[in-house]
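Order of the sequence lines fixes the chain letters, A, B, ..., with proteins taken first and strands second; residue numbering starts at 1 for each chain.
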There are 2 protein chains.
Amino acid sequence: MSGTRVYGIGRGEGRPMTSRRAAVRETLSRNDGFRSAQDIYAQMRADGAKIGLTTVYRALQTLAESGQVDVLRTDDGECVYRACATGSHHHHLVCRNCGRTVEVAGPEIERWAESVGAEHGFTAMTHTVEIFGTCATCAAVASAG
Amino acid sequence: MSGTRVYGIGRGEGRPMTSRRAAVRETLSRNDGFRSAQDIYAQMRADGAKIGLTTVYRALQTLAESGQVDVLRTDDGECVYRACATGSHHHHLVCRNCGRTVEVAGPEIERWAESVGAEHGFTAMTHTVEIFGTCATCAAVASAG
DNA sequence: CCTAAAATGAAAACCGTTGTCAAAACTGGC
DNA sequence: GCCAGTTTTGACAACGGTTTTCATTTTAGG
């Protein structure tokens, strides 16, 4: 992943970009895959940052609201976040082992979802599409180890 | 939805079908959409059933493990369950207002997910695809009221 | 019946997350 | 620089869905 691309730095999107929020975003963007609030908190503390868990939670949800990071829910109900390279609509191909994530577009999926909904009289459609798999690296490690 | 179709009644799938489990499944199958454990519990108690919340949780997860009901997570992290008419792989078109659910097949989606994964060297792919919208009935009510 | 194994349920524990509230850090005037 | 007003921060408590614990009840076989 790219990692250093940031969005509207210095102005924020609705809310001011405080130092803590910037630090949270920066930490998140150094990560390849989706990370939980507690992961980010632990990582920041390990790096010597002075920040509270509550603030990390708040920063992440602010960033999510403003569209600067993507949110997902894991199977066990945990919220995980990721600083995606693109602000436009996309889906994710996620390694279930290491969390490595590839952003994928799927225009045919958008069309499919729309038509399925219309077919049944539904309107104002939205959808969630995530693909999980084992990435090449993890598969190699698994077969070698 | 059909509602009365049941699966392997009287034998279970891995675990015995106890009276409570049967009651939970029966209650769930009387519902159109996805329902939470607490919904089912409340409904059963309202119907006069003598059952504990813990048992409802356990019954639902047993039924889910054995593939007799489908599980989803709502945006706020709640687990919701549904007795689907088909045991084979499918997706859901869910009314975000009333929960009414239509089961949809999407062979092109399966192919798409598979090829996207392969393209990036991923293996053992799985995916989650859910479509949300406002059903015709709810849209009508909203515009009338 | 009688016993062993499984299921049940009330209450406690869990755990991610959100609310509370006082202290700290910004903000725009003076 | 200093002040009043507002926002942010963070330790801690509370919340809510879910799971665990454990004593009791039910079920299945002899």
Roughly how many Å is it from [atom1] in [X] to [atom2] in [N], rounded to a whole number?
X      : N       : atom1 : atom2 : answer
I51(A) : dA25(C) : CD1   : P     : 14 Å
Y81(A) : dG16(C) : OH    : P     : 13 Å
M17(A) : dT8(D)  : CE    : P     : 12 Å
D39(A) : dT17(C) : CG    : P     : 10 Å
M44(A) : dT9(D)  : CE    : P     : 10 Å
F34(A) : dG16(C) : CZ    : P     : 19 Å
Q38(A) : dC14(C) : CD    : C1'   : 12 Å
R73(B) : dG17(D) : CZ    : P     : 12 Å

Please check: side-chain N/O of R100(A) versus main-chain N/O of V94(A), any donor-acceptor pairing under 3.5 Å? no
Answer yes or no: is there a donor N or O on one side and an acceptor on the other, between the side chain of R45(A) and the main chain of I51(A), under 3.5 Å? yes
Does OP1 or OP2 of [N] have a side-chain N or O of [X] closer than 4.0 Å?
X      : N       : answer
T55(A) : dT8(D)  : no
Y57(A) : dT18(C) : no
Q61(A) : dT18(C) : yes

Is any N or O donor-acceptor pair between the side chain of T18(A) and the base of dC26(C) shorter than 3.5 Å? no
Examine the base of dG10(D) for any acceptor or donor lying under 3.5 Å from a partner atom in the side chain of R58(A), and report the outcome as yes or no. yes
For residues 124-133 of chain B, run the donor-acceptor check on the side chains, cut-off 3.5 Å, and write out each pair with its distance to 0.1 Å, sequence neighbours left out.
residue : atom : partner : partner atom : Å
T126(B) : OG1  : R96(A)  : NH2          : 3.3
H127(B) : NE2  : H89(B)  : NE2          : 3.2
H127(B) : NE2  : H91(B)  : NE2          : 3.4
H127(B) : NE2  : E110(B) : OE1          : 2.9
E130(B) : OE1  : H92(B)  : N            : 3.4
E130(B) : OE1  : H92(B)  : ND1          : 3.2

For A37(B) and L53(A), take the nucleotide of DNA chain D holding the closest heavy atom to each; which residue's nucleotide lies nearer the 5' end? L53(A)
Euclidean distance, T101(B) OG1 relative to F34(B) CZ, rounded to 0.5 Å: 5.0 Å
In Å and rounded to the nearest 0.5 Å, what is the CZ to CG distance from R82(B) to L72(B)? 10.5 Å
Would you say the side chains of Y57(A) and Q38(A) form a donor-acceptor pair under 3.5 Å? yes
Electrostatic pair D76(A)-R73(B), nearest N-O below 4.0 angstrom: no
Along nucleotides 24-30 of chain D, 5' to 3', which nucleotides get a B, which get an S, and which get a -, given that the test is a protein heavy-atom distance under 4.0 Å? -------
Quick one: label R21(B) by what it contacts on the DNA or RNA (base, sugar-phosphate, nothing), any heavy atom closer than 4.0 Å. sugar-phosphate
